[in-house]
Amino acid sequence: MECHCLSTGVPLVGRKLPGSSPYPLAFPSQLPNPFLPRKFQPLVYQKKLSFHSLITRRGLILSEAGRQGWDVAEKAMDTSRIILVAGATGGVGRRVVDLLRKKGLTVRVLVRNEEKARRMLGPDVDLIVGDITKASTLIPEYFKGVRMVINAVSVIVGPKEGDTPDRAKYSQGIKFFEPEIKGDSPEMVEFIGMKNLINAVKENVGLRSGKLVFGFEGTLSRELPWGALDDVVMGGVSESTFQIDPNGGENGGPTGIFSGVVSTTNNGGFTSIRTRNFSIPEDLSAYDGLELRIKGDGRRYKLIVRTSRDWDTIGYTTGFDTVKDQWQSVRLPFSSLRPIFRARTVADAPPFNPSEIISLQLMFSKFEYDGKLNPTFVEGPFQLPISTIRAYMKEPITPRFVHVSSAGVTRPDRPGLDLSKQPPAVRLNKELDFILTYKLKGEDLIRESGIPYTIVRPCALTEEPAGADLIFDQGDNITGKISREEVARICVAAIESPYACDKTFEVKSVIPFSEPYTVDPENPPPEKDYNLYFQTLKEGITGKESLGQTPVPV
């Protein structure tokens with residue numbers, strides 16, 4: 001039986017590999033290696049069963065070797081863009097769910113009352129039961145696969161004298177009734193609840209600045225246990241090491257150093273470093289690739305990402321070139337990763353799953369894959385400083401968290417404001433347990449979270465149909481009305497628009513309070529291109545500019 005090196009594909013015929021097995025794999029610390037740091041205690045891995053193709057049988061995908069099953073329906077469902085709707089049984093939330101479903105998007109709802117949600121949204125709705133005011137109910141597994149959030153949760157305000165069973169007073173929208181808070185306080189819902197929701201979803205939806213996987217960046221650091229894996233496993237004599245240089249970084253700070261000597265003696269020709277398997281898989285599905293900050297030496301290297309705990313398994317691989325003696329950022333999209341097994345492309349391999357990253361490997365090799373050679377390969381010493389490996393979002397970035405807030409949130413404390421001309425919530429902010437104050441604090445938590453966001457501040461909400469011409473504004477000055485259906489449409493449009501990203505804005509229709517808005521079913525208004533509105537918006541305008549306040553810390 002002909003065996004091949006797992007990294008290069010070079011035949012191993014007639015060779016006895018180091019170790020007790022005919023072809024084991026081990027970090028070469030079992031052999032003399034002057035490059036290996038003394039403090040590093042490498043793991044020893046034995047070769048697993050060889051790769052077998054996957055077969056389908058009775059609704060399960062089975063691994064012929066391990067007989068491990070995965071549910072086909074779960075694999076077939078596109079979980080890369082699950083949109084979580086919080087507050088899905090409210091006036092705006094349920095309309096958001098309906099619109100997303102009509103667009104064929106995958107929706108999951110977060111509700112407190114399962115029976116109510118299924119009655120209102122249908123028995124087949126994908127729901128999770130939780131309460132944002134209680135962090136313990138927001139179990140991490142609930143949010144697996146969530147990539148975007150539309151949050152329509154709001155503190156409940158109702159007439160003091162009560163409402164009808166079908167909430168007729170609520171539906172009137174613009175008629176004034178003496179209001180009071182029903183249920184949880186604004187502080188619990190709008191501020192503490194917002195903090196809990198952000199903490200629950202931020203790992204899944206991702207941060208604009210990306211996620212540090214390894215390295216040293218300002219005050220942040222994240223180290224990984226790397227070990228050398230060189231061509232000694234096939235009889236070669238190349239050797240490498242990975243060490244932390246406390247002063248070798250771009251700005252004099254710490255950096256990792258992948259270095260060694262590569263030789264083609266005994267048909268060798270590669271060196272590499274590989275991490276131990278992560279105890280918990282790294283979920284980078286919110287991101288689009290890995291970005292390496294390195295100081296190049298003019299050579300081409302390879303990054304190998306594995307999604308299996310088996311040692312002898314597919315490595316999703318891509319090469320990258322470096323510029324000699326220059327710090328550079330190299331972006332490696334997940335879409336560029338090629339499934340490689342023993343230096344050959346696996347045509348029927350499972351797609352790369354960025355939510356199940358188990359280990360990373362960096363390699364300098366004479367060999368690429370499928371018989372190709374590295375055109376930059378040179379025998380002898382090499383050195384590749386690596387300051388960071390981080391996951392990144394590709395441009396243009398679209399909002400990952402769309403929040404329905406309220407116009408007027410900055411007005412209660414605005415100097416010189418004529419309260420008699422303001423909506424009831426502004427005039428009664430204190431009596432309503434500082435509802436707008438806490439809505440603003442909740443907004444600040446979103447803006448400071450690092451999650452790409454859109455904050456929609458509707459004026460008075462009505463049950464009128466969508467379709468009226470709109471006015472978008474910033475600075476929190478306008479009053480008026482807008483239909484809940486229109487707000488829902490704006491939210492759904494925002495999650496797909498880079499123009500809406502990191503914007504805060506108010507919105508109302510051009511129809512005055514005194515005039516009801518109706519639509520002729522035989523001649524409905526044309527659908528709006530909300531991008532035309534989003535393009536007019538600017539970042540950083542919230543209405544707090546006139547208050548002289550600083551953002552609320554997270």
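If you're wondering where the values come from, they're calculated on a predicted model, not measured in any experiment.
For the residue pair Thr106 / Arg81, no side-chain donor-acceptor distance below 3.5 Å is found, with atom types taken as modelled. Looking at Asp476 and Thr410, their side chains do bring a donor and an acceptor atom within 3.5 Å of each other.
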Between Ile490 and Ile482, is the side-chain contact (heavy atoms from CB on, under 4.5 Å) condition met? List the steps.
CA-CA 11 Å; Ile490 292 169; Ile482 185 170; 4.3 Å; yes

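Interatomic distance, CZ of Phe258 versus CZ of Phe242, reported as 9.5 Å (0.5 Å rounding). Rounding to the nearest 0.5 Å gives a distance of 8.5 Å between CD of Glu395 and SG of Cys501.
No salt bridge links Arg94 with Asp98; every basic N to acidic carboxylate O contact stays at or beyond 4.0 Å.
Nearest approach of Lys394 to Ile397, heavy atoms of both residues: O-CG1, 3.4 Å.
Although no hydrogens or angles enter the test, the distance criterion places no donor-acceptor pair under 3.5 Å between the side chain of Thr133 and the main chain of Gly193. Within the 3.5 Å criterion, the main-chain N or O of Leu207 finds no donor-acceptor partner in the side chain of Lys211.
Legend: ring pair (Phe, Tyr, Trp, His ring centres under 6.0 Å) pairs involving residues 445-498, not counting sequence neighbours, sorted by first then second residue: Phe472-Phe505, Phe472-Tyr533.
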In residues 401-408, what donor-acceptor pairs under 3.5 Å come from side-chain atoms, sequence neighbours left out?
residue : atom : partner : partner atom : Å
His403  : ND1  : Asn151  : ND2          : 3.0
Ser405  : OG   : Glu443  : OE2          : 2.6

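Classified by interplanar angle (parallel below 30°, tilted 30° to 60°, perpendicular above 60°), the ring pair Phe320/Tyr301 is parallel.
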